[in-house]
Amino acid sequence: MIEFEDAAFRYGETDVLSRLNLRLTPGSFHFLIGPSGAGKTTFLRLCYKELAPTSGVVRFRGKTIGDQDRDAVADLRRAVGVVHQDCQFLDHITVGENIALPLQVSGLNVQERADDLASLLDWVSLNDRVDAYPPQLSGGERQRAAVARAVILSPDLILADEPTGNIDWDMALRILTLLVELNRMGKSVLIATHDLNLVRAAKSRVQARVLRIADGTIQPAAADL
Amino acid sequence: MIEFEDAAFRYGETDVLSRLNLRLTPGSFHFLIGPSGAGKTTFLRLCYKELAPTSGVVRFRGKTIGDQDRDAVADLRRAVGVVHQDCQFLDHITVGENIALPLQVSGLNVQERADDLASLLDWVSLNDRVDAYPPQLSGGERQRAAVARAVILSPDLILADEPTGNIDWDMALRILTLLVELNRMGKSVLIATHDLNLVRAAKSRVQARVLRIADGTIQPAAADL
Amino acid sequence: MVRLPRLFAGDAAAARLVPPGAHSGLTVSMLSAIMAFFAVLVLALALAAGRLADDWGGSLANSGTLQVFGVGEDVEIQARAALNVLRTTPGVQSVRMIGVEEQRALLEPWLGSEAAVDGLPLPLLIEVVTDPMRLNVDSLRLRLEGEAPEAVYDDHSGLRASLVLTAQRLKVFAYLCLALIVIALAAVLGLAAQAAVAANTQVIRTLRIVGARDRYIVNAFRRRFVMRALGGSALGAAFGLGLIGVLPQASEPGFFLIGIGPVGWNWAAPILVPPVAGIIAWTATGWAVRRRLVRQA
Amino acid sequence: MVRLPRLFAGDAAAARLVPPGAHSGLTVSMLSAIMAFFAVLVLALALAAGRLADDWGGSLANSGTLQVFGVGEDVEIQARAALNVLRTTPGVQSVRMIGVEEQRALLEPWLGSEAAVDGLPLPLLIEVVTDPMRLNVDSLRLRLEGEAPEAVYDDHSGLRASLVLTAQRLKVFAYLCLALIVIALAAVLGLAAQAAVAANTQVIRTLRIVGARDRYIVNAFRRRFVMRALGGSALGAAFGLGLIGVLPQASEPGFFLIGIGPVGWNWAAPILVPPVAGIIAWTATGWAVRRRLVRQA
Ligand SMILES: Nc1ncnc2c1ncn2[C@@H]1O[C@H](COP(=O)(O)OP(=O)(O)OP(=O)(O)O)[C@@H](O)[C@H]1O
Ligand SMILES: Nc1ncnc2c1ncn2[C@@H]1O[C@H](COP(=O)(O)OP(=O)(O)OP(=O)(O)O)[C@@H](O)[C@H]1O
Ligand SMILES: [Mg+2]
Ligand SMILES: [Mg+2]
């Protein structure tokens, strides 16, 4: 699915990531853990090419991302669903329209998918907030809407950055269940989180591997957590 | 410190909070828990008058907040430090300037307080990010900066909305320690959170009371968590 | 311009993704309106000046005056001889006797009341309409000298030169102003487009992140921007035309200086102002959005 | 204006809290520059028209022409008698003989070449400078009839009326345009201020939340906005003055229509344009920020 080969990244002078050699196979389920400021978000942004590695190569489905033109990158992003840490919404359109945004920009018919949208909203308990605007949502509601938007195109790879930071444990488990379900359907999932309870809860349901980010590089974590 | 008398709040048609009768005494330490979308953020916004109750009365230090003019409300806010769930920063000035913002708008000399600022930044491990701009911070760094800004004026009341949602456990404990320390100096603290581990960790250090928000009203939670 | 139909219909949905944001919108309309307003005024001025130059240059260049001096019978003889000469001169198109009354009216400002003119022994005046391309003034003068020595031909060249120069320079000045306004409009719309794009960096980022292609984003911005430029400039142009309409026209007495109302098909020229603004807006948005996009992943 | 020193010095720190944001900034400078540019041009036009009206109205109203007809000695006698009458008429300030050369120059355009004028028995022309408030033209005419019957007095009233009317209407038109520009500038700056405020809702919210008073926030916005209006309009005014400077002036031959360069102290008037823009910007920001603030807790 995604492959890092000697990839490194620095913001200006400060190295954030280096010597990344890593492969996410299709259908895998990964957690990415590490202290605040370690580079989890940076790593995810490398995966969907919001950032380009300062050296080395990132490949998506075997193709080097850096060599592709801008339209190809747009297409790549339709195959990747991202839950951003600071949920990115358009504040002037409704929550429902925001969630359907990936459909709209891909030129798909939003009306035809209304049923999918409704059942997804049900799952994240947002059906009564669908006509609100993003600034009218509570922090947790925003995060759930972001999850819904990430999966609406049923992408092959789902990247979730701290998707449960602002929500209570019951809702966190619901979202985890959703992601596990998608993984069972063959999608790859990568969750960056600092919540070890979530990692433990997932391990009982799916064969999840844990990556630890430390000192600018990413290593599989020891089995025990 | 803050007193709610029959206060209620609704956004448009939807009741969020009702029949609030509640008193936070000076020097107290409270947690506010409840599911996502229950009204935690709304309650905090009533405390520092970003929202006004649709009925009933909110008093700060014995004075009804609604009766005060805009300058008095500005002064009230200098006595209240708030950690927002969606950290509110000015993106075009540095993190250090953002943290010092309450000093600046109060007309205090920022230079004179440089030492306080430095030790505070030390505590939240942000001293090497002080010249960055807020969009260059990681999610957890932003949250720590928000905590620092909330306490820089050493306000009498500190309201923290999900202050540890994006940071790892060790850092969460550091921030808890900071807030407990301030509470020991006589400040009142109110933390809205969904993280029961944090509540448990606090109970071992300070005499914290827990308020549970449910069905639009706030009740002291049962002793067991 | 192939994409014009799509601009007006197909991408309303995409355009909704860009916030209507009072800031960029109002100023684009405003700027377009103001520039269009001045453009119409200056255009009218240029057209009027052009007309003036044509009038003065044309009618004066196409005419001359023949003065025949002398007393009693002599004048008649001389005039007849002179007219004979004119009739056989290539380039002379028509001749007209200027009556005594008309002659007096011309002289009055310089000589005072009618009574004063009465006593003057006025020459006989003949207005000659010519084709300046074919008329050889020197040979005409030579022939007149021979056949009607008391007749003097004046081709107005002195007076004409300065009037025509004025009108032509006025016209050049007005077109210069017009060019200035068009350049300023392009600059202003370019800046406004850049500003709108800068104010919506987050929107662009979000659209890119969910997989929108560059062209989709450009179209989303373009529609509203072009609409506003069109609307604003149409309003400004209408306002300008209205103002010109209520201005005293060239034909009214005492207004030769500000009779700048367009005449005939000239009314159509200001109608070109909004489409030009629209095309500029179209280009400016495309340029600004693409410029921002290449800096963004 | 008590707060002006603070505007220029004390609140630079507060002003830093409002993002420089290309969008609002560029357009405010731009708008101010364009409006100031046109304001200066139109102001110059108004001043020139005013001068023209004064010239025409003034010099023509303050003068008349006395024509003395007759031949040889008789002219001298009549002229002396007429001068005597003038000298004793209240309201007559000075008299001047118009020489034959000058007279010929006046007639030439209507009579053709110099040779033609030579033969004319020209009247003796006397230019009379008068105080129109005190001069009674009718009684002057009556007295002249008695003492110098060959002398005719003309007070130019016919020609004067239409020229003065033109110049005055031109002046009114120019001042109307100026008023229009000032109103448009106020509207535009008001909208721009509102736009800047709307674009910075988050900034205002953050400042309020950390305990900034309304006045502090108003000042934070005001400084940069006023600076930009001042800077932009100064640039525009300078550009306008520059353009006027390179325009052909009234004194050059052939340019009576566009000799709009300011004269003497008039040069100072366009300098008022930037301060006016500054004051408008000051008021507009205050109004816009306070308007937003009352809607916000
Ligand atoms: N645009 C940027 N410019 C400069 N430095 C940046 C930028 N974005 C992030 N950083 C820095 O890079 C480091 C890694 O950031 P990143 O957001 O990847 O951390 P993270 O692991 O996601 O942390 P968190 O758990 O707090 O979200 C941080 O120290 C951060 O300050
Ligand atoms: N501006 C608003 N307009 C309308 N409804 C709103 C607005 N802000 C919040 N709400 C709604 O009010 C309810 C309470 O919101 P609030 O932000 O107080 O929840 P919360 O307890 O803080 O939740 P979370 O834990 O997810 O942050 C939510 O259902 C939310 O959608
Ligand atoms: Mg992160
Ligand atoms: Mg909340």
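Using a 4.5 Å heavy-atom cutoff, the side chains of B/S138 and A/T41 are not in contact.
When heavy atoms are compared at a cutoff of 4.5 Å, B/E141 approaches chain A by way of both its backbone and its side chain. B/D195 does not touch chain A: none of its heavy atoms, backbone or side chain, sits under 4.5 Å away. In this structure, no portion of B/T42 lies under 4.5 Å from any heavy atom of chain A. In this structure, chain B has a heavy atom under 4.5 Å from the side chain of A/N197, while its backbone stays farther away.
A pairwise comparison of heavy atoms in A/I167 and B/S36 identifies CG2-OG, 4.2 Å as the closest pair.
Here CG of B/N166 is found 9.0 Å from NZ of A/K40. Values are rounded to the nearest 0.5 Å.
Ranked by heavy-atom pairs under 4.5 Å with chain A, the list B/R142, B/H194, B/E162, B/R129 is led by B/H194.
Contact annotation for residues 11-23 of chain A against chain B (heavy-atom separation below 4.5 Å): no residues qualify.
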